[in-house]
2 protein chains.
Amino acid sequence: MQKMNNKNKIFIDKLRSSGLRPTNQRVEISKFLFNRKKTFHFTVEELKNSMNLKRSKKISTATFYNTVHALKSAGYLKEFSLENNTSYYDTNISSHHHFFDNGKVIDINSDKITFRKLPEAPKGKKIKNVEVVIRLENNN
Amino acid sequence: MQKMNNKNKIFIDKLRSSGLRPTNQRVEISKFLFNRKKTFHFTVEELKNSMNLKRSKKISTATFYNTVHALKSAGYLKEFSLENNTSYYDTNISSHHHFFDNGKVIDINSDKITFRKLPEAPKGKKIKNVEVVIRLENNN
DNA sequence: AACTACTTTATAATTATTCTAAAGTATGTG
DNA sequence: CACATACTTTAGAATAATTATAAAGTAGTT
């Protein structure tokens with residue numbers, strides 16, 4: 001039974017509104033993801049490793065996947081892909097853009113990019129969002 | 001030994017300049033990819049299935065992967081990723097953009113999108129390219 | 001406190017991709 | 001233009017990320 005102290009309320013609320021019961025494992029994941037000053041990017045494997053390092057009783061892989069998926073479906077995480085067949089998740093859910101620099105990802109605030117011209121959506125469709133990836137290379 | 005008729009020269013040249021000997025399997029793949037009016041998108045699995053359907057002697061999976069990788073490294077194919085952990089390849093290598101509509105990909109000509117403002121590259125880096133993904137949803 | 005539906009977990013299964021090593025082939029050399 | 005050799009093809013094994021399974025555990029309601 002999760003102790004319902006105020007300190008955890010915000011993290012528990014994210015779980016509940018994602019359709020998840022706030023179990024101990026999930027609350028810890030939610031805190032790990034959202035209890036920080038700056039947003040960040042991660043893969044499920046990275047998340048699992050960094051959380052389980054500190055724990056005697058490990059959280060299982062399936063729980064990480066389940067929790068991340070639910071948080072993503074509820075809109076608390078954004079998913080994106082690089083060219084390496086791995087899903088990345090971003091705790092910055094505001095519309096924004098990315099630099100990709102050899103597997104490293106750097107956020108670009110949405111106000112740093114504006115458009116002069118954008119195409120119409122095909123008929124019957126509308127634009128959900130627009131995301132820009134700026135690929136970098138070394139300057140030599 | 002590949003018969004070196006003119007009809008295949010262009011496809012063989014792509015292979016050679018990708019560092020590949022023009023074996024029969026590779027020439028067929030090159031023709032399948034580039035001997036068409038319109039560019040297209042594919043996964044290696046899709047490529048393999050559609051080519052092998054018509055063949056009595058199947059081309060192996062490894063040959064598809066090897067050939068596609070070499071063509072991509074040489075710049076004859078562009079790679080991109082959706083959120084499903086699969087690599088997609090595009091025979092349209094000109095700089096362009098995409099609509100993503102529930103796993104379907106539609107090209108957007110690069111002249112359909114222009115920028116009013118773009119960020120500087122971090123120091124020591126320069127911009128290799130800029131790609132825009134416009135995600136679509138149904139209009140209801 | 002008891003019941004029931006939801007969770008966790010270890011493990012198996014799946015999918016996309018890469019590796020391996022044996023058998024086959026392109027190509028330069030003589 | 002036959003030979004030698006390095007590059008290829010292939011089937012199958014290996015790997016990596018992810019999803020499925022089913023038994024044991026727990027949250028939330030009664």
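As the structure is a computational prediction, the values presented were derived from the model and not from experiment. Below, chains carry the letters A, B, ... as their sequence lines are ordered, and counting in each starts from 1. When reading the values below, keep in mind they use all heavy atoms of this one structure, side chains included, and skip hydrogens, waters and symmetry mates.
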- A/R55 has an atom CZ; how far is it from atom P of C/dT9, in whole Å? 8 Å
- Whole-Å distance, A/E45 CD to D/dT19 P, equals 13 Å
- Taking only N and O in the side chain of B/K57, is any of them less than 4.0 Å away from OP1 or OP2 of D/dT9? no
- Message: Could you report the tightest heavy-atom contact between A/H98 and A/D90, atom names first, then the distance?
- Response: NE2-OD2, 3.2 Å
- Between D/dT9 atom C1' and B/K48 atom NZ, what is the distance in whole Å? 14 Å
Short heteroatom pairs, N/O only, protein and nucleotides 3-7 of chain D, under 3.5 Å:
from  : atom 1 : to    : atom 2 : distance (Å)
D/dC7 : O4'    : B/R21 : NH2    : 3.4

- Task: Could you check which residues of residues 83-92 of chain A get a heavy atom under 4.0 Å from DNA chain D? Sort them by number, please.
- Result: A/N85, A/T86, A/S87
- Whole-Å distance separating the CG atom of B/L47 from the C1' atom of C/dA16: 14 Å
- Is the phosphate of D/dT26, meaning OP1 or OP2, less than 4.0 Å from a side-chain N or O of A/Q25? no
- Which distance, rounded to the nearest 0.5 Å, do you find between the OG1 of B/T114 and the CZ of A/R116? 6.0 Å
- Nearest-angstrom distance from the residue atom CD of B/E28 to C1' of D/dT9: 14 Å
- Value in whole Å for how far the P atom of C/dT9 lies from NZ of A/K58: 12 Å
- Find the distance B/L15:CG to C/dA26:C1' and express it as a whole number of Å. 13 Å
- Task: Please identify each residue that fulfils ring pair (Phe, Tyr, Trp, His ring centres under 6.0 Å) with A/F34, with sequence neighbours left out.
- Result: none
- Between A/S17 and A/D13, is there a donor-acceptor pair closer than 3.5 Å when you use the side chain of the first and the backbone of the second? yes
- Query: Using 4.0 Å as the upper bound for N to carboxylate O, is an ion pair formed by A/E120 and B/K112?
  - Reply: no
- Query: Checking A/N109 side chain against A/D111 main chain: does a donor-acceptor pair fall under 3.5 Å?
  - Reply: no
- Task: Output the distance between atom CG (A/L15) and atom CG (A/L20), rounded to the nearest 0.5 Å.
- Result: 6.0 Å
- Item | Gap between atom CD1 of B/I29 and atom OG1 of B/T67 - 0.5 Å precision | 4.0 Å
- B/H41 and B/D107 have their tightest heavy-atom pair at NE2-OD1, 2.8 Å
- According to the side chain to side chain donor-acceptor pair (under 3.5 Å) rule, which pairs have a member within residues 27-36 of chain B, sequence neighbours left out? B/N8-B/K31, B/E28-B/R55
- Item | Gap between atom CZ of B/F11 and atom CG of B/L33 - 0.5 Å precision | 10.0 Å
- Message: Just to be sure I understand the geometry, which residues of residues 59-71 of chain A put a non-hydrogen atom under 4.0 Å away from DNA chain C?
- Response: A/I59, A/S60, A/A62, A/T63
- Task: Could you tell me which non-hydrogen atom of B/S81 sits nearest to which non-hydrogen atom of A/L82, and how far apart they are?
- Result: OG-O, 2.7 Å
- Message: C/dC6, OP1 or OP2 - any side-chain N/O from A/T23 closer than 4.0 Å?
- Response: no
- In terms of heavy-atom contacts, A/Y76 and A/K14 come closest through CE1-O, 3.4 Å
- Query: Can a salt bridge be assigned to the pair A/E83 and A/R135 using a cut-off of 4.0 Å between side-chain N and carboxylate O?
  - Reply: yes
- Five-pair end axes of the helix from C/dA1-D/dT30 to C/dG30-D/dC1, angle between them (10°): 30°
